Amino acid sequence: MNDEQQPQFESAKSEVQRKTLDQREQMNELMRLRHSCAHILATAVLRLWPDALLDIGPPTDEGFYYDFELKHRFTPEDFPKIEEEMRKITKENQVFEKSIQTRAEALAYFEGKGQTFKVQRLGDIPEGEAISFFQNGEFVDLCAGPHVMRTGNVKPGGIKLLKVASAYFRGNEKNPQLQRIYGTAFKNKEELDNWLKMQEEARKRDHRKIGTEMGLFAMDPEYVGPGLPLWLPKGTVLVEELERLAKETEFQAGYVRVKTPHLAKEKMYKTSGHLPYYAESMFPPMEMLEEDERQKRDDLMERRADLIQLAEGMGKAISPNPSGYTEEQVRRDIQKLESEITLLGGRYYLKAMNCPHHHRIFAAEPRSYRDLPLRLAEYGTCYRYEQSGELFGVMRVRSMNMNDAHLYCTAEQFADEFRAVNEMYLKYFKIFGLDRYQMRFSTHDPARLGQKFVNEPELWKKTEDMVRQVLIESGINYVEVANEAAFYGPKIDVQVWSAIGREFTIATNQVDFAVPARFGLTYRDRDNTEKTPLCIHRAPLGTHERFIGFLIEHYAGNFPLWLAPEQVRVLTLNDEAPLVEYAKSITAELRSQFVRVEGDWSANPVKAKIADAETSKVHTMLVVGQRDLEAGAVSVRLHGKGNVGAKPRAEVVADLLASIRERRA
RNA sequence: GCCCGCGUAGCUCAGUUGGCAGAGCACGUCCUUGGUAAGGACGAGGUCAUCGGUUCAAACCCGAUCGCGGGCUCCA
């Protein structure tokens, strides 16, 4: 980001985030406190287990941690003992003293103590940078700070150790795993208690818990498989309501809908570039060849492997090849073999993304600039073989319905299209009452062109500039992070915060200037030349799975009327015939208007019927008795809000229909 | 995939030192006829994740596998 853009960026950002300097200062204060707590934790652990090896202990958004290696396996039973030692250290009111050491001094210190991880960390500090230490009491740590002045600034009641987990040294799965103790710290006990209460609320809202309680989805790892959710009837209502919202919104925005198969031949993913780089995250291929064809293919592949080896040898050879078989010829032969292999086909992959199928739809008919922008939308099911440890309820799954669309446009149309996509995001946020969000703009790293990112330096610059320009002009709250783009173009991930302040990455919006070319997609331009379109991938509602998981937590399962699986339940005071007739006529009327209504005219006591409807989180209960029957009225009770009194039947029906139609919050 | 923890009825969970498999909710049948969060009785429901081992005896101890959870790593 250059200097001219800086002020605009700042103002756009601060407008949405509304974070005052005072708040920033407070945050820094909290970070200092937590960082100091990490040191106090390490001090305490070393007192209790003097042979512990230390790695690092930074503050986090939620608290702090410190990584250790030692024989003793930490368990939560150790926490009271460690916490007590930590409190003792705060009472000792040790001063945090900073000192600068030479590299040699630092090295000698840690080597003398056998702190091998610290020695390695020391090696990470670039030459010429100051090597700073902080000491409190007997504990000395390699640390850039900052800290509070004294351990006494940490209030003993404001500290709590939370959990023990493991973490790889330097976050690399090839490195040894250390034991990480997580804790949190606040200015005082009251703030800590508030935070703990919040955590408790989050546990209550856990989408896995509510999903089971409300009968939204089920997991069947034994018969169906891990990460492959089954949507139960009530959950399917959510899926279909979201889909309807997307279809209506996209229709109004000029999208057209398409439908594509769940699998495709190997050639598809070779062309898209996903194979072999992402093969690991895809389900393994289905082999469709008969025995003799497979033999033929294996022979071809063997010949290809030989030629590749030969080509590599020729590439390295200094003197010319006496046989006259040039490297170029070898390369051509390899390509010939490859097309023979793909022609044989035989391998099918479940799709891990919809883009290639949509690209083939683009290619299915000749395109003119008059057809652009072409906006292809589909709620397509994708399959990704996520690592077992990554699965998480319906938030991270192996089969997912993506609210996907691909927008093919010219470079001139790009900015408008991109802006319209952003506006669609904002529209959705409003419907769901998401007032806190942030867009994360991921750009490429010029140093890794040709490896992680397609080697198109000019297109990268051009598209990134366009995206940045739109973000700034729209006044959208965003941050820019380098080196996290997709391999085919810059991307935007949308982070939203649920009603209880938890952060989720919910949507994605990506620019693709590489893959359309790989598929040879073109349109005929005004000047009668063939041009390659730009492509925008966008999924404002992400996947059904993750978005519904998020909504469950956001609403704590208390969905607005238009989304509620059971919108209305009619309850009778008794099971006498005239009353039941009246109740049935109300349900029939609502049902004919496509309201999801159920009736309960059993002889059970009305209190029990209400309790049952409340625990099922039915949005609106209509209680009818003799009084209502005579007056042509219904008594309305709202979930969680109680009785709101009797109203004329026609008025209540009209209200319900309007609330649903307008998707009121 | 890696480290640690956990798998008992549809759900939430008891189950003592290894000695007959339990409760509440939900479900079914019957009774109960009532005005805004729970009326009563009875009943059904289990290969204690799976496989193997130790033991006179295993839900309990040991091992493996599968699954789930907390993290790490990853997320086109």
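These numbers come from a predicted model, not from an experiment. So that the names make sense, note that chain A is the first sequence line, chain B the second, and so on, each numbered from 1. The figures here come from the full heavy-atom set of this structure, side chains too, leaving out hydrogens, waters and symmetry mates.
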- Message: Between A:R546 and A:T505 (side chain of the first, backbone of the second, donor and acceptor by atom type, cut-off under 3.5 Å), is there such a pair?
- Response: yes

- What nucleic acid atoms does A:T615 come within less than 4.0 Å of, heavy atoms only: base, sugar-phosphate, or nothing? base

- For nucleotides B:G46 and B:G5, find the distance between their C1' atoms and express it as a whole number of Å. 25 Å

- A:L162 has an atom CG; how far is it from atom P of B:G69, in whole Å? 20 Å

- Task: Tell me the partner of B:A37, counting only Watson-Crick (N1-N3 plus N6-O4 or O6-N4) or G-U wobble (N1-O2 and O6-N3) with both under 3.5 Å; none if nothing fits.
- Result: none

- Residue pair A:F513 / A:W460, side-chain heavy-atom distance below 4.5 Å: yes

- Message: Taking the side chain as everything from C-beta on, heavy atoms only, tell me whether A:F217 gets closer than 4.5 Å to A:I548.
- Response: no

- Query: Taking atom CD of A:E280 as the centre, does the number of heavy atoms from other residues, nucleotides or ligands within less than 6.0 Å exceed 12?
  - Reply: no

- Query: Under 4.0 angstrom, heavy atoms only, what part of the nucleic acid is A:Y168 near: base, sugar-phosphate, or nothing?
  - Reply: base

- Message: So, OP1 or OP2 of B:C11: does either fall under 4.0 Å of a side-chain N or O from A:R208?
- Response: no

- Task: Check every strand shown and say whether A:R396 touches a base, only sugar-phosphate, or nothing at a heavy-atom separation below 4.0 Å.
- Result: base

- Heavy atoms under 4.0 Å, any strand shown: does A:A613 hit a base, just sugar-phosphate, or nothing? nothing

- Heavy atoms under 4.0 Å, any strand shown: does A:S281 hit a base, just sugar-phosphate, or nothing? base

- Item | B:C48: pairing nucleotide in any strand, Watson-Crick or G-U under 3.5 angstrom | none

- Message: Classify A:S272 by what it touches in the nucleic acid, base, sugar-phosphate, or nothing, heavy-atom distance under 4.0 Å.
- Response: nothing

- Task: Return no unless some side-chain N or O of A:R637 is found under 4.0 Å from OP1 or OP2 of B:A37.
- Result: yes

- Task: Quickly work out the A:L638 CG to B:A37 C1' distance and round it to whole Å.
- Result: 15 Å

- Task: Between B:C60 and B:G53, how far apart are the P atoms? Round to whole Å, please.
- Result: 14 Å

- What does A:F392 touch in the nucleic acid at a heavy-atom separation under 4.0 angstrom: a base, only the sugar-phosphate, or nothing? sugar-phosphate

- Query: Using the C1' atom in both, what is the distance from B:A26 to B:G45, to the nearest Å?
  - Reply: 11 Å

- Which part of the nucleic acid does A:P226 contact within heavy-atom distance under 4.0 Å: base, sugar-phosphate only, or nothing? sugar-phosphate

- Among the nucleotides B:G34, B:A38, B:A76, which one has an atom lying closest to any side-chain atom of A:K607? B:A38

- Item | C1' spacing across the pair B:U8 / B:C48, given as an integer number of angstrom | 4 Å

- Remember a base hit wins even if backbone is also touched, and classify A:Q626 as base, sugar-phosphate or nothing at under 4.0 Å, heavy atoms. base

- Can you tell me the distance, in whole Å, between the CG atom of A:L629 and the P atom of B:U33? 20 Å

- Query: Touch check for A:D628, heavy atoms < 4.0 angstrom, all strands: base, sugar-phosphate only, or nothing?
  - Reply: base

- Does the side chain of A:F418 reach to within under 4.5 Å of the side chain of A:I492, using non-hydrogen atoms? yes

- Taking the nucleotide of RNA chain B with the closest heavy atom to each, which residue, A:E576 or A:G227, is nearer the 5' end? A:E576

- Item | Closest to side chain of A:E390, choosing from B:C74, B:C72, B:A76 | B:C74

- Note on the structure: Among B:C68, B:G1, B:U33, the one nearest any side-chain atom of A:Q387 is B:G1

- Query: Looking at B:A76, B:A37, B:G34, which one has an atom nearest to any side-chain atom of A:M353?
  - Reply: B:A76

- Item | Short side-chain N/O contact to B:A76 OP1/OP2 from A:K491, under 4.0 Å | yes

- Query: Of the candidate nucleotides B:G39, B:A76, B:C75, which contains the atom at the shortest distance from the side chain of A:H274?
  - Reply: B:A76

- Message: I want to confirm an ordering. Mapping A:R384 and A:V623 to their closest nucleotides on RNA chain B, which one lands closer to the 5' end?
- Response: A:V623

- Message: Is there a side-chain contact between A:S388 and the phosphate of B:G1, meaning an N or O under 4.0 Å from OP1 or OP2?
- Response: yes

- Task: Ignoring backbone atoms, test whether A:K163 places a side-chain nitrogen or oxygen under 4.0 Å from the OP1 or OP2 oxygen of B:G71.
- Result: yes

- Has A:R398 got its NZ or CZ under 6.0 Å from the middle of the six-membered ring of A:Y385, at an angle within 45 degrees of the ring axis? yes

- side-chain N/O A:Y182 vs B:C72 OP1/OP2, d < 4.0 Å: yes

- Query: What integer number of Å spans the P atoms of B:G39 and B:U33?
  - Reply: 14 Å

- Note on the structure: When rounded to whole Å, the CG to P distance for the pair A:D78 and B:G5 reads 13 Å

- Item | Span that lies between the P atom of B:C31 and that of B:U36, in whole angstrom | 26 Å

- Task: Mark yes or no for whether A:Q115, through its side chain, and A:L54, through its backbone, hold a donor-acceptor pair below 3.5 Å.
- Result: yes

